[in-house]
Engineer: 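Got a structure for you, questions after.
Just so we're on the same page: letters track the sequence lines, and every chain starts at 1.
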Amino acid sequence: MEGKFKNTFYVTTPIYYVNDVPHIGHAYTTIIADALARYQRLCGKKVYFLTGTDEHGQKIEKAAAEKGMSPKELADRVVVRFKELWQKLNISYDYFIRTTEEFHERGVQKIFQKLLEKGDIYKGKYQGWYCVSEENFLSEDVPLEPDGSKICPDCGRQATLLEEESYFFRLSAYQQPLLDFYAANPQFVRPQSRMNEVVSFVRQGLKDLSITRTTVRWGIPVPGDPKHTIYVWFDALHNYVTGAGYDWNPELFETFWPADVHLIGKDILRFHAIFWPAFLMAAGFPLPRTVFGHGWWLKDETKMSKSKGNVLDPHLILEKVGADALRYFLLREVPVGLDGSFSHEGFVHRVNSDLANDLGNLVQRTLTMVFNYFDGEIPVPGEEQDSDRKLAEHFEETAARVYALYDDYALSRALEEIWVFLNAVNKYLADQEPWKLAKKAEEKNRLARILFQALCAVRGVGYLIYPVMPETAEKIWNFLGESKKPGEVLKSWFNFYHLTSGNRIRKPEALFPRIDLMEFIGEVEKPGKAIESRKKPEEKMEYITYDEFKKMDLRVARVLTAERIPGTSKLLKLQIDLGNETRQIVAGVAETYSPEDLVGKEFIVIANLKPAVIRGVESQGMLLAAEIDGKAIIPFFDREVPPGTKVK
RNA sequence: GGCGGCGUAGCUCAGUUGGUCAGAGCAUGCGGCUCAUAUCCGCAGAGUCGGGGGUUCGAAUCCCUCCGCCGCCA
């Protein structure tokens with residue numbers, strides 16, 4: 001559209017829903033985004049890389065209640081998990097947005113208000129089958145079951161019939177504008193096959209979209225009509241504008257909006273390729289350039305799911321092989337857009353063959369020869385011969401192709417090209433046989449040239465892999481005694497021959513030690529290990545002072561009444577005697593104790609915990625309990641104690 | 001049921017507008033080197049390009065049909 005060179009790049013991941021801990025799928029999207037961001041920075045662009053978490057909605061309300069926390073507390077915890085993983089994976093995001101942040105909520109409300117005034121949002125009545133799990137009304141065409149109910153086609157659970165007052169987005173008005181937009185921007189949805197799906201979906205006609213709920217409390221209130229909350233998808237999608245400064249940092253927003261690429265999993269394509277541009281058209285924003293739907297990672301050819309217990313925990317792999325091997329594997333194995341199959345065999349094979357044998361061993365053998373023949377000093381090269389020139393030219397051609405492929409988000413193809421060059425460097429050494437020349441003093445100059453050339457090639461490879469393997473790239477440059485890091489050298493400044501003779505190189509360590517398959521499987525699949533490593537961050541001891549401890553008002557409480565909270569499996573509503581007052585608390589102990597078990601019993605509660613509403617029931621305190629496999633075990637006293645007694 | 005896509009060496013896949021297009025990587029076998037992480041380099045073998053029919057001087061590449069698989073929608 002704009003003819004002039006665009007000097008900015010704005011890339012996003014979806015914001016991840018905090019009802020789940022991060023897994024390999026989250027890692028995959030985010031790694032793609034990171035590689036693109038790093039590459040664009042090398043190009044000299046101002047890059048804005050946004051990721052974050054989606055924290056509203058019924059599912060989170062529910063998940064939090066089951067854990068006996070407030071939704072915000074649950075979100076706070078899960079956010080830490082995401083941030084930890086991103087750090088381990090060297091994700092260079094610029095901002096981590098949370099939809100519970102004040103500026104986001106305000107921004108969403110403002111846009112909502114704007115569309116309401118414009119008439120693109122109107123109030124109506126909605127009746128439909130609603131799936132609690134998917135937080136979605138079922139499509140009208142889902143057939144009735146024999147018993148007259150409907151089953152959610154996505155999750156297989158039974159839906160409930162709801163009628164509610166609702167605000168609607170006038171999506172129907174945007175059918176033609178969307179089709180026109182797709183026609184004018186064939187790259188808007190990638191890969192192409194997804195674009196076809198989107199277009200054919202829109203051609204079938206679009207109905208107005210219900211975008212508020214009265215059944216959900218944990219969400220952004222509709223401005224001026226707070227018994228409605230804004231539907232989680234309308235809320236979440238707008239993170240891409242609020243996270244880029246809309247309504248709170250005009251300069252940031254001006255600089256980066258519209259986004260260059262929204263990376264998403266193919267499951268959320270419709271939201272991003274249809275609803276989102278329609279919302280943006282309505283609000284008068286320019287539209288993003290590309291929505292890229294990547295594929296799924298399967299585990300040994302089958303879909304990963306919690307129920308199958310085959311979800312891959314990235315932490316175990318990271319511990320064993322480091323971030324770069326995982327980043328490389330995920331980006332190299334499969335073109336973005338297709339499904340991939342993750343097997344331990346495949347992973348180990350690729351890491352050993354590409355990273356240990358091809359790349360790692362090349363670095364090792366080259367540097368070792370410089371140590372052996374030139375005492376670790378980069379030699380002054382002798383005259384350049386045809387074969388040397390060819391290697392340099394091959395590099396230039398490779399670099400040009402790799403850049404073009406990175407520009408096109410074709411990461412696996414880019415890596416493939418780099419590896420073709422890598423093979424050529426290994427062949428160059430095999431052809432030149434520097435180890436033979438080293439035995440003849442009169443060949444010293446020739447030897448110097450060959451090793452110099454090989455070092456240049458290694459340095460160049462280090463540069464090209466930087467977006468995908470930043471740590472390894474830095475290690476390689478560090479071995480070469482470079483004063484800069486590859487990430488600090490702009491593409492336009494990079495030159496194959498910018499290697500300084502006389503510099504000392506460092507003694508290399510194996511970049512990627514070969515992995516033994518059996519050992520790897522043993523370590524990664526050890527069942528206890530997963531739990532251990534997952535718990536580690538939370539169990540790290542952090543001291544508090546006695547004064548801090550004193551702030552907690554721990555009291556003995558006696559249970560007066562207890563009842564189950566309908567619709568939950570874990571929650572009990574308890575009336576408790578605290579000596580001089582009676583309180584109500586919600587406790588997640590119903591899987592271990594029935595209401596009758598607890599009446600008359602005494603235990604310890606934190607009396608000055610900030611009250612919270614859990615599943616619509618106010619909780620004025622929390623009881624202390626041990627948790628084993630998600631089940632609560634309450635510590636009781638071995639004799640009777642007067643209610644209200646302080647516990648220290 | 002509708003729309004779209006796919007079916008090419010043991011495996012994963014490339015194959016622009018029909019004419020060195022029958023290919024690459026991995027795996028397998030053999031040979032070479034020894035600087036290197038039992039690494040590296042070279043050579044070799046198998047495919048009636050899902051089946052059948054058609055258009056054409058000529059089709060993996062276009063058309064029809066059948067079989068099988070996948071995606072989206074219903």
Side-chain angles (χ1 to χ4, degrees), chain A residues 138-143 153-154 189 191-207 265-271 273-274 293-296 298 300-301 303 321 325 329 332-335 337-343 345-374 376 387 405 410 412-413 415-420 422-439 443 447 450-451 453-455 457-458 472 475 479 505 507-516:
Chain A
L138 273 50
S139 165
E140 312 228 323
D141 339 287
V142 175
D154 296 323
V189 177
Q192 180 66 43
S193 54
R194 300 284 163 207
M195 179 54 124
N196 297 343
E197 288 175 11
V198 168
V199 169
S200 70
F201 184 87
V202 174
R203 281 214 181 107
Q204 288 177 26
L206 297 174
K207 285 184 198 142
K266 60 185 183 180
D267 52 321
I268 51 176
L269 183 69
R270 196 186 301 172
F271 295 98
I274 300 172
H294 67 244
W296 290 122
L298 312 175
D300 302 321
E301 313 284 321
K303 198 171 169 180
V321 299
F329 177 82
R332 169 62 236 265
E333 189 75 359
V334 158
L338 300 185
D339 287 347
S341 182
F342 192 106
S343 70
E345 292 77 5
F347 179 78
V348 168
H349 184 264
R350 183 155 296 280
V351 169
N352 278 345
S353 132
D354 293 6
L355 297 182
N357 297 351
D358 292 345
L359 174 61
N361 180 59
L362 173 66
V363 172
Q364 187 85 352
R365 69 195 297 213
T366 307
L367 295 178
T368 302
M369 283 191 276
V370 175
F371 264 98
N372 291 347
Y373 309 145
F374 292 96
S387 55
L405 290 163
S412 73
R413 288 275 299 106
L415 291 169
E416 218 176 308
E417 288 290 344
I418 298 171
W419 256 253
V420 170
L422 222 35
N423 293 338
V425 182
N426 271 323
K427 181 165 168 51
Y428 171 81
L429 289 176
D431 291 345
Q432 301 300 321
E433 301 182 305
W435 48 90
K436 284 189 178 161
L437 300 180
K439 289 174 183 152
E443 296 283 13
L447 177 64
I450 292 162
L451 291 186
Q453 211 72 3
L455 288 170
V458 165
T472 304
K475 273 191 204 165
F479 288 157
I505 60 169
K507 197 145 192 83
E509 304 151 23
L511 286 173
F512 297 97
R514 286 180 65 82
I515 307 168
D516 179 79

Engineer: Give a yes/no answer on whether the side chain of A:Arg514 brings an N or O atom under 4.0 Å of OP1 or OP2 in B:rU39.
Structural biologist: yes

Engineer: Take atom CG of A:Asn372 and atom C1' of B:rU34, then tell me their distance rounded to the nearest Å.
Structural biologist: 12 Å

Engineer: Between atom CG in A:Leu355 and atom C1' in B:rU37, what is the gap in whole Å?
Structural biologist: 12 Å

Engineer: Quick one: is B:rC73 close enough that its OP1 or OP2 comes under 4.0 Å of any side-chain N or O from A:Gln204?
Structural biologist: no

Engineer: What is the base-pairing partner of B:rA22, counting Watson-Crick and G-U wobble geometry with both distances under 3.5 Å?
Structural biologist: none

Engineer: With C1' as the reference atom in both, quote the distance from B:rU61 to B:rC6 in angstrom, rounded to an integer.
Structural biologist: 15 Å

Engineer: Going by heavy atoms in the side chains, are A:Thr366 and A:Leu455 under 4.5 Å from each other?
Structural biologist: yes

Engineer: Kindly compute the distance separating CD1 (A:Ile515) from NE2 (A:His349), expressed to the nearest 0.5 Å.
Structural biologist: 12.0 Å

Engineer: In terms of ring plane angle, is the pair A:Phe342 and A:Phe347 parallel, tilted or perpendicular, where the classes change at 30° and 60°?
Structural biologist: parallel

Engineer: So what does A:Asn426 hit on the nucleic acid, given a heavy-atom distance under 4.0 Å: a base, only sugar-phosphate, or nothing?
Structural biologist: sugar-phosphate

Engineer: Base, sugar-phosphate, or nothing for A:Tyr373, non-hydrogen atoms under 4.0 angstrom?
Structural biologist: sugar-phosphate

Engineer: Can you check the A:Asp339 CG to B:rG71 P distance for me, whole Å?
Structural biologist: 9 Å

Engineer: Among B:rU37, B:rA36, B:rC41, which nucleotide has an atom closest to any side-chain atom of A:Leu511?
Structural biologist: B:rU37

Engineer: From the set B:rA36, B:rC26, B:rU37, return the single nucleotide nearest to any side-chain atom of A:Arg365.
Structural biologist: B:rA36

Engineer: Could you tell me whether A:Leu362 contacts a base, only the sugar-phosphate backbone, or nothing, with contacts defined as non-hydrogen atoms closer than 4.0 Å?
Structural biologist: nothing

Engineer: How far, in whole Å, is B:rA60 from B:rG15 if one measures between their C1' atoms?
Structural biologist: 9 Å

Engineer: Taking atom C1' in both B:rC13 and B:rU8, what distance in whole Å separates the two?
Structural biologist: 9 Å

Engineer: Check the distance between B:rC3's P and A:Gln192's CD and give it to me in whole angstrom.
Structural biologist: 19 Å

Engineer: Would you mind classifying the nucleic acid contact of A:Lys266 as base, sugar-phosphate or nothing, using non-hydrogen atoms under 4.0 angstrom?
Structural biologist: nothing

Engineer: What nucleotide among B:rU34, B:rC72, B:rC26 has an atom nearest to a side-chain atom of A:Trp435?
Structural biologist: B:rU34

Engineer: Rounding to a whole Å, what distance do you find between A:Met369:CE and B:rC40:C1'?
Structural biologist: 10 Å

Engineer: Can you tell me how far C1' in B:rG45 sits from the matching atom in B:rG31, rounded to whole Å?
Structural biologist: 15 Å

Engineer: Rounded to whole Å, please give me the gap between CZ in A:Arg270 and P in B:rC72.
Structural biologist: 10 Å

Engineer: If you check the A:Thr368 side chain, which of B:rG42, B:rC35, B:rU39 turns out closest?
Structural biologist: B:rC35

Engineer: Taking atom P of B:rC26 as reference, at what distance in whole Å does atom CZ of A:Phe347 sit?
Structural biologist: 19 Å

Engineer: State, to 0.1 Å, how close A:Lys266 and A:Gly295 come at their nearest heavy-atom pair, and which atoms those are.
Structural biologist: CD-CA, 4.4 Å

Engineer: Do other residues, nucleotides or ligands put more than 12 heavy atoms under 6.0 Å from A:Glu345 CD?
Structural biologist: yes

Engineer: Could you check which of B:rG71, B:rA36, B:rU37 has an atom nearest any side-chain atom of A:Ala356?
Structural biologist: B:rU37

Engineer: Tell me which nucleotide among B:rC40, B:rU34, B:rC26 gets nearest to the side chain of A:Lys436.
Structural biologist: B:rU34

Engineer: What nucleic acid atoms does A:Ser200 come within less than 4.0 Å of, heavy atoms only: base, sugar-phosphate, or nothing?
Structural biologist: nothing

Engineer: Between B:rC35 and B:rC26, how far apart are the C1' atoms? Round to whole Å, please.
Structural biologist: 26 Å

Engineer: Using the P atom as the reference point in each nucleotide, state the distance between B:rG54 and B:rU12 in Å, no decimals.
Structural biologist: 32 Å

Engineer: Report the distance from atom CG of A:Asp358 to atom C1' of B:rA36, rounded to the nearest whole Å.
Structural biologist: 13 Å

Engineer: For the pair A:Ser200 (side chain) and A:Glu197 (backbone), establish whether a donor and an acceptor sit closer than 3.5 Å, ignoring hydrogens and angles.
Structural biologist: yes

Engineer: Would you mind classifying the nucleic acid contact of A:Pro513 as base, sugar-phosphate or nothing, using non-hydrogen atoms under 4.0 angstrom?
Structural biologist: base

Engineer: Please report the distance separating the C1' of B:rG71 from the corresponding atom of B:rG32, rounded so that it comes out in whole Å.
Structural biologist: 49 Å

Engineer: At under 4.0 Å between heavy atoms, what does A:Arg350 touch on the DNA or RNA strands: base, sugar-phosphate, or nothing?
Structural biologist: nothing

